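In what follows, a structure is listed as structure tokens, so that the remarks can point back to it.
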2 protein chains.
Amino acid sequence: MRGGCGVRAMTGRETPWVERFPGLSRLAQETKDLLLSKSSIVEVPSGTVIFGPGKSPENMLFLLEGTVRVQQVSDTGREIVLYRIHSGESCVLTTACLLAYEDYAAEGIAETAVRAVAVPRKVFDDLVGQSKAFRDFVFAAFSKRITDLFLMVDEVAFQRMDVRLGQRLLALADAAGAIATTHQKLSVELGTAREVVSRQLQEFQRRGWVQQSRGKVRICDRRALENLVEHH
Amino acid sequence: MRGGCGVRAMTGRETPWVERFPGLSRLAQETKDLLLSKSSIVEVPSGTVIFGPGKSPENMLFLLEGTVRVQQVSDTGREIVLYRIHSGESCVLTTACLLAYEDYAAEGIAETAVRAVAVPRKVFDDLVGQSKAFRDFVFAAFSKRITDLFLMVDEVAFQRMDVRLGQRLLALADAAGAIATTHQKLSVELGTAREVVSRQLQEFQRRGWVQQSRGKVRICDRRALENLVEHH
DNA sequence: GGGTCGTTGGTGACAATGTCACTGAGGCGC
DNA sequence: GCGCCTCAGTGACATTGTCACCAACGACCC
């Protein structure tokens with residue numbers, strides 16, 4: 001599963017990736033050709049720090065497979081997950097930000113093995129100039145990110161910890177309700193302390209909503225958690 | 001000072017506003033002309049809700065004078081100031097966001113009398129397509145906003161209240177160190193409760209750092225507050 | 001003047017969350 | 001087994017948020 005990590009040239013033989021990319025498939029053929037010919041596909045293994053303080057990326061990335069976790073590292077030593085970039089989404093904004101401002105404290109980490117299209121800045125800029133459809137794609141991505149960050153601020157500032165933990169558990173669980181993570185990692189998700197997560201999980205377990213074991217949490221009563229999240 | 005609130009056509013006789021707008025003055029003359037001919041100047045009185053839930057703006061705004069306060073209104077009834085748009089900056093991102101997503105909870109309020117240039121969406125899109133300089137301007141605005149929001153999340157999640165209050169007092173004070181505001185308004189700035197602000201201000205006063213009176217706070221020892229903020 | 005009312009700020013009790021120091025349990029390599 | 005590291009549990013305490021209530025002030029009316 002965890003493929004190589006080099007840069008691979010496009011062959012053009014297989015189904016072009018643009019078509020499988022929601023939001024880009026409606027570009028003009030001419031635009032697609034430009035995108036296909038001037039970009040390359042990169043693969044990075046899970047755990048790679050794609051960008052971070054002192055490490056700016058020189059390309060715009062469009063994720064084909066995998067997820068990238070973007071988190072803020074505070075100078076107090078604590079961390080909080082800002083958002084994730086999933087396949088079908090782009091790193092555009094993050095990249096743009098980091099190019100514009102040197103003193104950022106956010107980092108992007110490949111959470112799984114990642115396959116992405118790397119588009120050079122120059123090509124990206126040309127595309128924005130040429131194609132209205134591409135512009136719409138880019139601005140929609142920016143907009144989504146900013147509104148999400150608005151909600152993030154709202155959540156961090158005003159939401160109770162039990163509700164936020166419930167949300168994350170539901171979001172991170174697989175179909176069977178299992179989550180392979182530690183209390184420490186969950187605390188980074190929420191930007192809180194490990195002890196707080198431990199206490200909340202104990203309370204959830206006491207109520208029979210989850211079952212804990214070392215490095216794992218299993219949701220037993222999804223309905224109850226959803227109810228908690230709903231009725232904030 | 002509080003002028004009319006209508007839309008006024010550009011006369012073209014006075015110094016074009018583009019020139020006084022940092023970041024736009026380096027546009028090509030052709031681009032400037034397009035911007036000048038297709039946009040209008042609007043004036044709104046202090047306190048006007050420029051956009052909010054259920055009230056999307058149909059134009060992109062470029063602020064010539066005044067400031068707009070953007071705040072998130074939580075469904076719990078609490079509020080927090082997200083950022084301010086000052087003269088020389090644009091509303092682009094906010095506008096873009098709100099157009100893209102209906103269910104937002106942010107609102108923009110004219111904090112002073114505001115004079116701004118209203119650019120129709122179509123013209124805005126054309127400009128982004130035509131001018132690399134305009135693109136750079138827009139992307140720089142987006143980038144700045146997103147990195148600021150990153151810092152905002154960091155601050156809300158990890159910073160102590162006394163430090164955050166000290167920061168705001170320093171930021172809001174005039175040259176003489178005076179701030180005309182209530183504890184309630186300060187609590188909205190920080191997204192906290194009024195009682196918390198009252199307690200912190202009392203502590204600051206006890207230490208001789210500020211002097212309180214009804215509806216006013218005066219900074220007596222700016223150095224001390226700066227020291228608090230520095231040494232987080 | 002006196003009365004009424006909304007705004008502003010003060011207070012105490014309590015709950016929720018964050019911080020710190022420490023403990024012990026589980027897993028892994030040797 | 002033994003040592004070592006990660007992971008989780010615990011209690012004491014500080015900070016912050018919530019709630020209910022009250023007092024002071026200013027604006028307004030009579």
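Because the structure is predicted, anything quoted here is derived from the model rather than measured. Quick note on labels: first sequence line is chain A, next is B, and so on, each numbered from 1. Side chains included, hydrogens not; waters and symmetry mates left out as well; all remaining heavy atoms used.
Listed by chain and residue number, B/T67, B/R69, B/R84 satisfy the side-chain hydrogen bond (donor to acceptor under 3.5 Å, both in side chains) test with B/E111 (two or more places apart in sequence, or in another chain).
The residue among A/Q200 and B/K216 whose nearest nucleotide of DNA chain C lies closer to the 5′ end is B/K216.
Between the CZ atom of B/F204 and the P atom of C/dG9 there is a distance of 16 Å, rounded to whole Å.
Among the atoms of the strands shown, none is found under 4.0 Å from any heavy atom of A/Q159. B/E203 comes within 4.0 angstrom of nothing in the nucleic acid, heavy atoms only.
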- Query: Checking side chain to side chain contact (heavy atoms under 4.5 Å, CB included) for the pair A/L170/A/V229: CA distance, chi angles, key distance, verdict?
  - Reply: CA-CA 10 Å; A/L170 289 170; A/V229 171; 4.1 Å; yes
- Message: side chain to side chain contact (heavy atoms under 4.5 Å, CB included) for B/I179 and B/R218? Distances and angles first, verdict last.
- Response: CA-CA 6 Å; B/I179 307 158; B/R218 194 169 53 80; over 6 Å; no
- Query: Which letter, B, S or -, goes with each nucleotide of nucleotides 18-28 of chain C from 5' to 3', with contact meaning a protein heavy atom under 4.0 Å?
  - Reply: BBBB---BBS-
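Neither OP1 nor OP2 of C/dT8 sits under 4.0 Å from any side-chain N or O of B/Q212. When the side-chain nitrogen and oxygen atoms of B/Q202 are compared with OP1 and OP2 of C/dT11, one or more of them lie within a distance under 4.0 Å. Residue B/H183 has no polar side-chain atom (N or O) positioned under 4.0 Å from OP1 or OP2 of C/dT7.
Residue B/G166 comes nearest to B/F204 through the heavy atom pair N-CE1, 4.2 Å, listed as atom of the first residue, atom of the second, then distance.
Looking only at side-chain heavy atoms (C-beta outward), B/Q212 and B/Q202 come within less than 4.5 Å of each other. Side chains of B/L61 and B/V114 form no contact here, defined as non-hydrogen atoms less than 4.5 Å apart.
Checking B/Q200 against B/D162 by side-chain atom types alone, no donor-acceptor pair falls below 3.5 Å.
First and last contacts of DNA chain D with chain A, using any nucleotide atom under 4.0 Å from a protein heavy atom and ordered 5' to 3', fall at D/dT6 to D/dA12.
In this pair, B/F139 and A/F124 present their aromatic rings tilted. The plane angle is within the 30 to 60° band.
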